[in-house]
There are 2 protein chains.
Amino acid sequence: MGCRSRAIALRADSPAGPTGLEIVESHTQPQESRPRFARRKEARPQELTAAALSLFVERGFAATRLDEIAARAGVSKGTLYLYFDSKEALFEAVIREGIVPALEEGEALFERHRDDPAALLHELLLGWWQLIGATDLGGIPKLMMAEAQNFPDVAKFYFDEVMARGRELVRKAVQSGVDRGIFRTVNTDQIVNVLMAPLLHLATWRYSFACCDPKGMQPQAYLESYLDLVFNGLLVGRMEAGR
Amino acid sequence: MGCRSRAIALRADSPAGPTGLEIVESHTQPQESRPRFARRKEARPQELTAAALSLFVERGFAATRLDEIAARAGVSKGTLYLYFDSKEALFEAVIREGIVPALEEGEALFERHRDDPAALLHELLLGWWQLIGATDLGGIPKLMMAEAQNFPDVAKFYFDEVMARGRELVRKAVQSGVDRGIFRTVNTDQIVNVLMAPLLHLATWRYSFACCDPKGMQPQAYLESYLDLVFNGLLVGRMEAGR
DNA sequence: CTTTAATAACTGACCAGTCAGTCATCAGCA
DNA sequence: TGCTGATGACTGACTGGTCAGTTATTAAAG
């Protein structure tokens, strides 16, 4: 203790002068068009969660630095703590805010095609890709899969409020097709998971091996093959795939 | 669910178990009354990579502590550094050693069914599940997907030496089916990715949402639905005998 | 007795979270 | 219209804890 305080005292008591120990404000170049302190209370949370999502998806939760998230949002780390209590709270916000609105759009889509199961299923699957898979939200499934065991509470929320709801939407579409004799009799509970897998896989691909595989996975051709296989596998009698 | 007897049924003649569909859980139990300095130079690397694999898959690379890996292998952290230069080197070893042997088994399997494309494809897909998906190796795809961007070199290796080779195996099976008029004409390059997706998804599931979803995904029923859909989607003619 | 596998205490870098200070903004007043 | 004091959004240096990697020591094996 004594030694330590003495060292500090020596520094603190050193006479003012060119010792090089003072912290000098060499920040005399504010030649920016934008002010260094821009107050935008409303926009910050969105910008921060968007930045956090992209980095979490790219690197994983643990490997992502809060400084990087803040920098990507054009803000300092301290600001981040004005809006979120902790890194974990930020993660929760990313998941909670991210995907529920898109799911609600899917539920609206459901109402619009109640009477044509094949078209409905087609719309749901392709709609998922267009509204979620192909957008920034497409990284959420990868992120959530990777982190589910580290965040059981968030995983529970995501599973109940997102996956189970989406699953049920697709399940009802398949079931109504079976009921009307348009689709073959299948185990709807399981087939739903099988149907979603290739979509989730394609979305995950964009954030994993896409760079190793510039030509192998082409979303357009992949989706065509996928829908072709699915509808040939589901429809009763020989028909054109997908409607 | 109606008990439709599909042309394609699950093979029951696997050497591993009655159906080969059980999820295999292997645990290394520590032997008690072990001397504190047990010298087992030969066995250590395997034990360490096995422990590392299970923890990397469960928590991700960055969130896994080397102390935990060592503890699970019944060893101290220092010992780990006798066999691996760094945490990253350990990760590489996990991936490199883990899955190539299983792939070679798949390639042997290919030779055994050259003349029957439907049976061959069936063997390849179910064989993947039995040899990889249902074993401890099943976590590797999840791990590799999650960490691909953080380890581009390992990702390149994995992609070239594992995924591309496996993909080509399945592609040739599909192609030969198409050539012989057994399968419909499809885009084989893309369909291969579609075919593997549900298997990868099921394997990943075990290490992510399985605890949230005790009843939703049942490997047995899931695989039946999957194979049913795939072969109905691929085979020429409606209810003809597949295999 | 020598060799070396294995250990456990140690170190230094890194990073989540904090806090004293800075400055943009605007209401109130001249 | 222009000045000024109050407010609070924002900053970034700092701290304490954690963990990858090192090393001095111990003991098993030949």
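Residue numbers begin at 1 in each chain, while the letters A, B, ... track the order of the sequences.
For R72(B) and S54(B), the side-chain atoms include at least one donor-acceptor pair closer than 3.5 Å.
One interatomic measurement links the two molecules: CG of D67(B) to C1' of dT7(C), which rounds to 12 Å at whole-angstrom precision. If you take CZ of F84(A) and P of dC10(D), they are 12 Å apart, rounded to a whole angstrom. When the P atom of dA16(C) is taken as reference, atom CZ of F91(A) falls 15 Å away, rounded to whole Å. With rounding to whole Å, L82(B) atom CG is found 13 Å from dA8(C) atom P. Summarising the geometry, the separation between CG on L55(B) and C1' on dC19(D) is reported as 15 Å, rounded to the nearest angstrom. Nucleotide dA5(C) holds its P atom 15 Å from the CD atom of E47(B), rounded to whole Å. Rounded to whole Å, the distance from CD on E68(B) to C1' on dC19(D) is 11 Å.
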Short N/O separations, protein against nucleotides 21-23 of chain D, under 3.5 angstrom:
from	atom 1	to	atom 2	distance (Å)
dG21(D)	OP2	Y81(B)	OH	2.8
dG21(D)	OP2	K87(B)	N	2.9
dG21(D)	O5'	Y81(B)	OH	3.2
dG21(D)	N7	K77(B)	NZ	3.0
dG21(D)	O6	K77(B)	NZ	2.8

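The aromatic rings of H201(A) and W205(A) sit tilted, their planes meeting at an angle between 30° and 60°.
Listed here is the closest heavy atom pair of G216(A) and Q190(B): O-NE2, 2.9 Å.
Residue R65(A) has a polar side-chain atom (N or O) positioned under 4.0 Å from OP1 or OP2 of dA16(C). Note on T79(B): a side-chain N or O is less than 4.0 Å away from OP1 or OP2 of dT7(C). A sub-4.0 Å separation between OP1 or OP2 of dA6(C) and a side-chain N or O of Y83(B) is present.
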Test log, rule salt bridge (Lys or Arg N to Asp or Glu O under 4.0 Å), inputs E168(A) and R165(A): CA-CA 5 Å; E168(A) 182 58 13; R165(A) 270 168 71 185; over 6 Å; no

Trace of the salt bridge (Lys or Arg N to Asp or Glu O under 4.0 Å) decision for R167(B) with D213(A): CA-CA 12 Å; R167(B) 212 188 235 182; D213(A) 183 31; 3.2 Å; yes

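Residue pairs meeting the ring pair (Phe, Tyr, Trp, His ring centres under 6.0 Å) criterion with at least one member in residues 58-77 of chain A, sequence neighbours excluded: F56(A)-F61(A), F61(A)-F91(A), F61(A)-F151(A).
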